[in-house]
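Scroll down for the structure; my scribbles are underneath it.
Below, chains carry the letters A, B, ... as their sequence lines are ordered, and counting in each starts from 1.
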There are 2 protein chains.
Amino acid sequence: MRKQEDRASVMSYIRYAWTTLKERCKNTSMTTDKPSFQPLYQQIRTLLAQRIAQGEWAAHEALPSEWALAESLGVSQGTVRKALTDLVDEGWLYRQQGKGTFVAPGLNEWGDGHLVTPGQFAEPPGSPVPELLSCTRANASEDIAQALSLRRAAPLFRVRLLWRLAGVAVALDDAYVPVGRFEEIDARRLRQYGNSLYTLLERRDGVRVRLGAIQARATLPDRETMTLLGLSDVEPLLMITRLGQALTGEVVEWRERLCRSARWAFQREP
Amino acid sequence: MRKQEDRASVMSYIRYAWTTLKERCKNTSMTTDKPSFQPLYQQIRTLLAQRIAQGEWAAHEALPSEWALAESLGVSQGTVRKALTDLVDEGWLYRQQGKGTFVAPGLNEWGDGHLVTPGQFAEPPGSPVPELLSCTRANASEDIAQALSLRRAAPLFRVRLLWRLAGVAVALDDAYVPVGRFEEIDARRLRQYGNSLYTLLERRDGVRVRLGAIQARATLPDRETMTLLGLSDVEPLLMITRLGQALTGEVVEWRERLCRSARWAFQREP
DNA sequence: CAGTGGTCTAGACCACTAT
DNA sequence: TAGTGGTCTAGACCACTGT
């Protein structure tokens with residue numbers, strides 16, 4: 001009880017001191033030198049996202065500590081923390097208590113769902129492995145042109161991938177990106193980046209792709225698809241169409257995926 | 001500049017005062033009277049979620065203000081705020097600046113995806129309308145028993161719904177919930193709650209359902225499905241299987257949905 | 001105008017990690 | 001032991017909503 005009283009007396013002095021401080025500092029430049037059209041933590045979030053996208057830190061490299069960032073940016077640690085939390089939620093960073101905050105590796109081209117045995121919600125098997133089939137040019141359909149904000153029949157790069165799970169072909173991807181938006185894309189260049197379109201766009205063009213909206217439906221395969229997937233009989237396929245976005249929200253990729261779904265289901269967590 | 005110096009001098013005193021305070025209060029009960037096996041904000045989050053689930057506040061009713069909650073719970077407003085933010089992220093609450101924090105309405109039984117024209121990522125049409133077809137009993141398959149942590153062939157309630165979009169049948173639902181876990185469920189009781197299983201479970205049994213894992217695949221319909229959906233020809237269907245969880249994480253529902261997907265795609269935002 | 005959520009600060013202490 | 005992220009507090013001010 002005595003301690004509590006001591007504490008109270010100290011607290012009251014602190015309160016007094018703060019009030020005095022406030023009075024003294026009124027109408028000074030203390031607060032006015034911060035632009036406030038956008039919350040500070042969002043400005044910092046954007047700034048850090050840009051610095052990450054420009055490769056200032058490699059994947060799995062640690063950022064400066066929250067306190068160091070706070071000092072260099074002239075804000076408090078709590079504000080930096082809020083910005084970092086947002087970036088963690090968006091998949092740009094990951095944190096390890098006691099160690100630091102690290103840059104997350106680039107987006108897996110497979111996406112965030114995984115293949116499982118239908119009806120089994122427990123054990124996710126290993127992710128499928130991609131195999132580059134071709135990299136050609138194509139013209140945008142009306143849907144693609146609209147989604148990517150291009151003019152009709154605009155030129156596109158088309159990257160075709162075959163996904164294998166334990167050696168078995170399970171999915172076929174066609175990824176489309178605008179021609180003018182990036183440097184040249186071809187099979188040779190893709191090979192330099194491990195056959196990963198996203199790795200190439202991030203390392204070479206400085207554009208980090210994150211997943212946008214996704215659509216799912218059921219279809220029947222055409223002859224070409226059956227050949228590429230090695231189907232001997234017609235079976236219904238799960239067709240997934242999804243968009244890829246840059247940091248700015250700009251849609252930079254349209255991807256169509258056909259999945260064999262007799263033996264696998266596409267599972268996403270909540 | 002002078003103001004800065006004044007500020008610094010006050011700050012140094014505050015720092016000294018805090019240090020003194022810390023020394024004086026060391027080894028007192030200041031901190032030990034808080035259980036800390038779990039972060040405070042998580043305890044508060046759980047407590048509030050329970051109070052919401054028990055119907056302490058109706059849907060769209062305002063909670064006490066952050067400051068009022070903080071005082072009644074004996075924590076700071078920042079801690080309450082963090083708990084509320086989590087609950088907002090999980091869909092329990094929504095906030096309106098300047099007005100208050102409100103209880104979100106119960107989960108829509110359709111779920112969080114919506115039906116759109118394939119390839120059109122822009123305009124989501126109105127949500128489908130449910131129609132109760134039947135409410136019967138069934139026995140759990142192995143998959144269902146495993147997902148719901150039941151013994152094999154355990155008794156289940158089976159609620160069958162038909163979804164219509166602009167009058168056209170677009171999807172067929174079979175929802176399964178364990179028999180012993182809830183009070184009796186039948187068509188009459190469901191009608192009392194607007195044909196909504198989730199509304200019944202929330203209002204009557206005090207169990208609020210949130211979406212769990214979701215699987216998608218493509219199938220062909222059997223005769224019964226064709227009849228119920230009014231299909232004249234065989235067409236591939238999108239089959240969605242998803243789990244419903246209670247607040248505690250307990251899986252309380254298995255739901256299978258067959259969607260016509262020639263004219264509609266199932267879209268989810270990132 | 002008062003009340004509410006939204007942002008920001010400065011500080012403290014804890015838990016975890018590495019040396 | 002030092003450094004890092006994780007939690008918590010107490011206070012301030014702002015923006016928005018209603019009366």
Within the pair [X] and [N], is there a side-chain N or O less than 4.0 Å away from OP1 or OP2?
X	N	value
K99(A)	dA18(C)	yes
T79(B)	dT7(D)	no
R95(B)	dT4(C)	no
S76(B)	dA10(D)	no

How many Å lie between [atom1] on [X] and [atom2] on [N], as a whole number?
X	N	atom1	atom2	answer
F102(A)	dA18(C)	CZ	C1'	11 Å
L40(A)	dC14(D)	CG	C1'	13 Å
R45(B)	dT7(D)	CZ	C1'	17 Å
E71(B)	dG11(D)	CD	P	13 Å
Y94(B)	dT17(D)	OH	P	14 Å
I44(B)	dC8(D)	CD1	C1'	10 Å
L84(A)	dT7(D)	CG	P	14 Å
W67(A)	dT9(C)	CH2	P	11 Å

**Item:** Contacting residues from residues 57-66 of chain A, given that a heavy atom lies under 4.0 angstrom of DNA chain D
**Value:** S65(A), E66(A)
**Prompt:** Any donor and acceptor pair, going by atom type alone, linking the side chain of T117(A) with main-chain N or O of Q120(A) inside 3.5 Å?
**Reply:** no
**Prompt:** Less than 4.0 Å between a side-chain N and a carboxylate O, is that true for R208(B) and E90(B)?
**Reply:** no
**Asked** Which comes earlier along DNA chain C counting from the 5' end, the contact point of Y41(A) or that of Q77(A), where each point is its nearest nucleotide?
**Response** Y41(A)
**Request:** Nearest-nucleotide wise, let me know which of Q96(A) and Q42(A) is further upstream toward the 5' end of DNA chain C.
**Result:** Q42(A)
**Request:** Find out whether L69(A) and I44(A) are in side-chain contact, i.e. whether some heavy atom of one side chain is under 4.5 Å from a heavy atom of the other.
**Result:** no
**Asked** Between R181(B) and L150(B), is any pair of side-chain heavy atoms under 4.5 Å apart?
**Response** no
**Request:** Under 3.5 Å for both distances, Watson-Crick or G-U wobble, that's the pair rule; now give the dot-bracket for DNA chain D, with | marking pairs to another strand and [ ] for crossing ones.
**Result:** ||||||||||||||||||.
**Item:** Exercise: identify the closest heavy-atom pair between Y41(B) and A83(B)
**Value:** O-CB, 3.4 Å
**Request:** Can you figure out which of dG6(C), dT7(D), dT9(D) approaches the side chain of K82(B) most closely?
**Result:** dT7(D)
**Asked** Is the NZ or CZ atom of R255(A) both under 6.0 Å from the centre of the six-membered ring of Y198(A) and within 45° of that ring's axis?
**Response** yes
**Asked** Taking the six-membered ring for Trp, are F266(B) and W110(B) parallel (under 30°), tilted (30 to 60°) or perpendicular (over 60°)?
**Response** tilted
**Request:** Decide side chain to side chain donor-acceptor pair (under 3.5 Å) for E202(A) and Y193(A); before the verdict, give the C-alpha distance in whole Å, the side-chain angles of both, and the deciding distance to 0.1 Å.
**Result:** CA-CA 10 Å; E202(A) 179 173 344; Y193(A) 293 93; over 6 Å; no
**Asked** Is the CZ atom of R203(A) crowded by more than 12 outside heavy atoms at less than 6.0 Å?
**Response** no
**Asked** Which value, rounded to the nearest 0.5 Å, describes the distance between W254(B) atom CH2 and L243(B) atom CG?
**Response** 6.5 Å
